[in-house]
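These notes concern the structure reproduced below.
On a predicted model such as this, the values are computed, not experimentally measured, just so you know. Throughout, residue positions are numbered sequentially from 1 according to the sequence presented.
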Amino acid sequence: RMASIACQKAVNAAQFTADPTGTANFLIKYRNTIAMKIRDPHLTENIIGAFVDSMCPPDKASRHIPSKNVDSFPLDAILRLFVGDEHKNSGILVKRILEGYVWLSCQRIAESSGYQSYSHRDVTPKGPHLLLMAAHSLVSLCHKFGWKEHEGVLIGSAEKLCMYGNADNALALVEKLAPSTSSSGGTCERSLICSRMASIACQKAVNAAQFTADPTGTANFLIKYRNTIAMKIRDPHLTENIIGAFVDSMCPPDKASRHIPSKNVDSFPLDAILRLFVGDEHKNSGILVKRILEGYVWLSCQRIAESSGYQSYSHRDVTPKGPHLLLMAAHSLVSLCHKFGWKEHEGVLIGSAEKLCMYGNADNALALVEKLAPSTSSSGGTCERSLICSRMASIAC
């Protein structure tokens, strides 16, 4: 009875609105300590029910934006309460907790700032980023109660993370939720859900506008997807679409629609991008590689005005260096030229030497020739390779 009095006071809609994290921590303390001692299942059921009704009211119109943000909300600890729980309604309660958390994580909250209660700061929402830390429990609960039952809230989570500029978190969540090759049990549904979540994240992160804003960040996103997520969800159609969107952003079919990026490409992961195609057997891979190289050469020659320091209105003019990253990508470049033909890449290779020389880097042009030129023991396309390298060397000299 004493516990019941305390819980009725601490776990209710008004208290939850005032302090969601504090209310959740109270429930966790009760469930993990007091409930084990007094062994009153009816009281425990009532308290958990009151908490869930406060977090996700049956009538959505009665939801209230909390007074405090939920960045420190103990989501994982709350979900763990249900991992070993065998109550018949546990699956429904878990689903409502997840729906409630996703909604709460997307609310713009005006919090009191400092010691002056009349001073407030507007807290911009981040979306449901705490799902990453709760991913292990989430996987266990989806296995227990069904992946299909949680499809809506999982896909909605990816959408909300992307909406608030956290596509990287959305992809990281997919990585944690996606099955390993050795997984079994609900793997098909799980893979389909993860595939849809990955598609949402990639559409947000890999497009022309995002590439113009940050070419290197977009490329790194693609590499992470291709080298981790794609191996787990095994959706070749999605992978093909994402790579296609990346290439269209980097080298648009209509050259007139090219845009000078907001950031330079000195740290662009060219070699890692090219390596994605070394073992790839897709019929259009050769064309895609050629367009990536053409796009990189063009980007490396653009004069870019970048923000300088902490003042967004202050800019520094970045002088282009030409396609110098081809030196670090030379091994992959040789493999791809062998695979798809040296003649096919003649134009972009000779153009690279010209651009390097144009921007005062004849030494780099000659170093590139040294890396691309055949050894005396080489065979296969050696004649074309030698002729191209000879023309490049002539330009540098």
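Both Val278 and Ile243 are part of a single hydrophobic cluster, where members link through side-chain heavy atoms under 4.5 Å apart. Taken together through direct or relayed side-chain contacts under 4.5 Å among Ile, Leu, Val, Met, Phe, Trp and Tyr, Phe340 and Ile273 form part of one hydrophobic cluster. Residues Met133 and Leu98 fall within the same hydrophobic cluster, defined by Ile, Leu, Val, Met, Phe, Trp and Tyr side chains chained together at heavy-atom separations under 4.5 Å. Ile287 and Phe277 end up in different hydrophobic clusters when Ile, Leu, Val, Met, Phe, Trp and Tyr side chains are linked at under 4.5 Å. Under a hydrophobic clustering in which Ile, Leu, Val, Met, Phe, Trp and Tyr are joined whenever their side-chain heavy atoms come within less than 4.5 Å, directly or via other members, Trp103 and Leu79 fall into the same cluster.
Taking the six-membered ring where the residue is Trp, Phe16 and Phe51 present perpendicular rings, their angle passing 60° and hence far from 30°.
At least one donor-acceptor pair under 3.5 Å links the side chain of Thr218 to the backbone N or O of Asp214. Under a 3.5 Å cut-off, the side chain of Asn166 and the backbone N or O of Cys162 do not form any donor-acceptor pair. With Glu370 contributing its side chain and Leu366 its backbone, the two residues share no donor-acceptor pair below 3.5 Å. At distances below 3.5 Å, not a single donor-acceptor pair connects side-chain atoms of Ser199 with backbone N or O atoms of Ser195. Between the Tyr101 side chain and the Leu130 main chain, a donor and an acceptor come within less than 3.5 Å of each other. The closest donor-acceptor contact from the side chain of Asn12 to the backbone of Gln8 lies under 3.5 Å.
The NE2 atom of His331 sits 4.5 Å away from atom OG of Ser335, with the distance rounded to the nearest 0.5 Å. If you take CE on Met2 and CD1 on Ile34, they are separated by 10.0 Å, rounding to the nearest 0.5 Å. Once rounded to the nearest 0.5 Å, the distance linking OG1 of Thr212 with NZ of Lys263 reads 12.5 Å. If you take CD on Glu240 and OG on Ser285, they are separated by 9.0 Å, rounding to the nearest 0.5 Å. Note: Arg39 CZ to Lys37 NZ = 11.0 Å, rounded to the nearest 0.5 Å. The line from CD of Glu189 to CD of Glu149 is 9.0 Å long, rounded to the nearest 0.5 Å.
Salt-bridge check for Glu99 with Arg96: failed, with every basic side-chain N at 4.0 Å or more from each acidic carboxylate O.
Residues Leu177 and Leu138 come closest through the heavy atom pair CD2-CD2, 4.0 Å. Of all non-hydrogen atoms in Asp271 and Ala329, the two that sit nearest each other are OD1-CA, 3.5 Å. Listed here is the closest heavy atom pair of Val174 and Ala198: CG2-N, 3.8 Å. The two atoms that bring His345 and Leu336 nearest to each other are CE1-O, 4.3 Å, heavy atoms only. Summarising the geometry of Leu276 relative to Arg226, their closest heavy-atom pair is CD2-CG, 3.5 Å, with the distance given to 0.1 Å. The shortest heavy-atom contact between Val102 and Ser105 is O-OG, 2.8 Å.
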Could you give me the CA-CA distance, side-chain angles and deciding distance for Arg385 and Val334, then say whether side-chain contact (heavy atoms from CB on, under 4.5 Å) is met?
CA-CA 9 Å; Arg385 182 177 179 181; Val334 169; 3.7 Å; yes
Start with the C-alpha gap between Asn241 and His237, add the side-chain angles, then the distance that decides, and say whether side-chain contact (heavy atoms from CB on, under 4.5 Å) holds.
CA-CA 6 Å; Asn241 287 345; His237 181 66; 3.3 Å; yes
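Thr124 and Tyr164 share no side-chain donor-acceptor pair at under 3.5 Å.
Side chains of Trp147 and Cys188 form no contact here, defined as non-hydrogen atoms less than 4.5 Å apart. Two residues are said to be in side-chain contact when any heavy atoms from C-beta on lie closer than 4.5 Å; Arg80 and Ser137 meet this criterion. At least one side-chain heavy atom of Ile97 sits less than 4.5 Å from a side-chain heavy atom of Met55. For the pair Tyr30 and Leu43, the minimum side-chain heavy-atom distance is below 4.5 Å. Residues Lys204 and Met163 form no side-chain contact, since every pair of their non-hydrogen atoms from C-beta on lies 4.5 Å or further apart. A 4.5 Å side-chain heavy-atom check between His324 and Asp266 finds at least one atom pair inside the cut-off. Looking only at side-chain heavy atoms (C-beta outward), Pro236 and Thr239 stay at 4.5 Å or farther from each other. Annotation: side chain of Pro66 is in contact with side chain of Ile109 (closest heavy-atom distance under 4.5 Å).
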Under 3.5 Å, sequence neighbours excluded: what are the donor-acceptor pairs made by side chains of residues 152-161?
residue	atom	partner	partner atom	Å
Ser157	OG	Val153	O	2.7

Donor-acceptor contacts, no H, no angles, side chain residues 56-65, under 3.5 Å, sequence neighbours left out:
residue	atom	partner	partner atom	Å
Asp59	OD1	Ala61	N	3.1
Ser62	OG	Asp59	O	2.6
His64	NE2	Ser62	O	3.4

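Other residues, nucleotides and ligands contribute more than 12 heavy atoms inside 6.0 Å of the CG atom of Asn32.
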